[in-house]
J.: 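Sharing a structure, written as structure tokens. Questions coming.
Hydrogens, waters and symmetry mates are skipped; everything else that's a heavy atom, side chains included, is used. Both counts, for ligands and for their atoms, begin at 1 and track the order of listing.
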Amino acid sequence: MNSDYSDRNPALGALYAEHIAAVAARHDHALEQAGASHAIIYSGNPRIAFLDDHHMPFKPNPHFVNWAPLTNLPFSYIVYTPGEPPVLIYNQPRDYWHVVPGAPDGYWTSEFDIRVVHTVDEVAAHLPEDREKCIVIGEINDDALAFGIERINPTTAINILHYARGIKSQYELAIMRLASQRGVAGHSAAESAFRNGEAEFDINRAYCKAVSHTDAELPYGNIVALNEHGAVLHYTNFDRTPPADSRSFLIDAGAQVHGYASDITRTYANGDDGLKALIERMHIMQQKIVAQVRAGIDYRELHIATHKLLANVLVDAELASGDPDTLLETGVTSAFFPHGLGHLLGIQVHDVGGFMENESGTTIDPPSGHPYLRLTRVLEEDMVLTIEPGLYAIDMLLENLRGTPAESHVNWKTVDWLRPFGGIRIEDNVRVLANDRENLTRDAFALL
Ligand code: GLY
Ligand code: MN
Ligand code: MN
């Protein structure tokens, strides 16, 4: 696989027909269960800010992106009828205010019956006449965009499609490898900027330049956190001036290719050997968890296993004392590691279906006391998920332990040492195999 991110990449083209066949098959099943004959997948449209005439960045319907690598084609539709090639109603407005989509081009074109239109009014002529037999999948914020179809996002069909998206096709896996490669190039540039003592704002610019993304093209807002800022889980400020002393750096940043994301976190120390050793321990612990990923594993058990391993890290680092079960039960590990071990990854960074027990929409709760775990499924081959343990000095949570049985298990002096460094998170993107795993992130770093 070359690092060609375009939709002319022949390696992606070679896998695309098989992907479309899989997407079509899941729509066949969804339509049958929903008692409908045609799925109309709407790409979406940009939203206008309140009382304004400016658009917010366009976010395409993920169901549309699942069909085609068309992330910037608003007011367009895919019409799918089982047994027929999908029709793509490709909207190319006559608009001299904006850059409009070019003529359809790329490996994906051969899988569609493409009808180019220039206004939304022209769409109706390409839709099935019997609207009663259609369902729409997409965000319809103006009735006119549904063309008289009343069944919009029926739950039965949506559940089937969401559950199925948990398993990636070879085409999606190839794209996600590229998204990982793109992301690690940014991580490397950002680490250099950190070593240069640059401000968060400039580190972020170095990242965006290296991945060639505007802010709006990033799969999620970058977390570029120096020093204490690493303890704010979703820190998305960008200080314009560098701190006097850049002691530590946590970066959680991804990239996208054809609408599929990578989601990568690394943490670096500058000068403090104790922090450097703790980061190294977290890498080793994270790799131990990654090594447990395989089909048939219950992800909730991996999350709990991580808490027990983290307890050992806390004891080794003299942040806590006690046996792993006590540190887990008294809430010590949760105060240091208050988020989930990870989530499904795909078109959405927190991809859909993480709680689904089956395609009918039954859900699996996270373990009690762990409300932020976003993946509770038993792992299956070709799922892609993140493994992202963390360890932070979050005073708001640690202070809650005062006056409880946990208090005596925390070494508050070492917490004082950790506080100026914020925290540590190590996040990889991992594909599940039958009895093994593929680490997209570490493979991509190795290719750098
Ligand atoms: N970047 C968001 C997350 O790691 O889940
Ligand atoms: Mn993540
Ligand atoms: Mn992340």
J.: Cut-off 3.5 Å, side chains only: do Ser76 and Asn91 have a donor facing an acceptor?
T.: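 Not at all, the side chains of Ser76 and Asn91 share no donor-acceptor pair under 3.5 Å.
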
J.: If you look at Glu427, which of its N/O/S atoms is nearest to the Mn ion (ligand 2)?
T.: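 Checking each N, O and S atom of Glu427, the shortest distance to the Mn ion (ligand 2) belongs to OE2.
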
J.: In this structure, are over 12 heavy atoms from other groups packed under 6.0 Å from Gln287 atom CD?
T.: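 More than 12 within 6.0 Å, yes.
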
J.: For Asp263, what is the atom name of its N, O or S atom nearest to the Mn ion (ligand 2)?
T.: OD2

J.: I'd like to know if the side chain of Arg425 reaches the main chain of Glu388, judged simply by a donor and an acceptor atom lying under 3.5 Å from each other, with no hydrogens or angles considered.
T.: no

J.: Ion pair present between Glu438 and Arg177, side-chain N to carboxylate O less than 4.0 angstrom?
T.: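 The answer is yes: the pair qualifies as a salt bridge.
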
J.: Check each atom of ligand 1 against the heavy atoms of Glu427 and keep those under 4.0 Å away; list them by number with element.
T.: 4 (O)

J.: Quick test: of every protein heavy atom, which one is nearest to atom 5 (O) of ligand 1, and how far off is it to 0.1 Å?
T.: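 Ranked first by proximity to atom 5 (O) of ligand 1 is His350 NE2, 2.7 Å.
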
J.: Which option out of Asn222, Leu345, Asp252 puts a heavy atom nearest to atom 1 (N) of ligand 1?
T.: Asp252

J.: So which heavy atom in the protein is nearest atom 4 (O) of ligand 1, and how far is it from that ligand atom?
T.: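 The closest heavy atom on the protein side is Glu388 OE1, 3.0 Å.
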
J.: I'd like the name of whichever of Asp263, Ile264, Ile223, Thr265 reaches closest to atom 3 (C) of ligand 1 through any heavy atom.
T.: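 The option holding the nearest heavy atom is Asp263.
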
J.: Quick check: does Glu388 have an N/O/S atom under 2.8 Å of the Mn ion (ligand 3)?
T.: no

J.: Could you report the tightest heavy-atom contact between His258 and Tyr107, atom names first, then the distance?
T.: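 Between these two residues, the closest heavy atoms are CD2-OH, 3.4 Å.
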
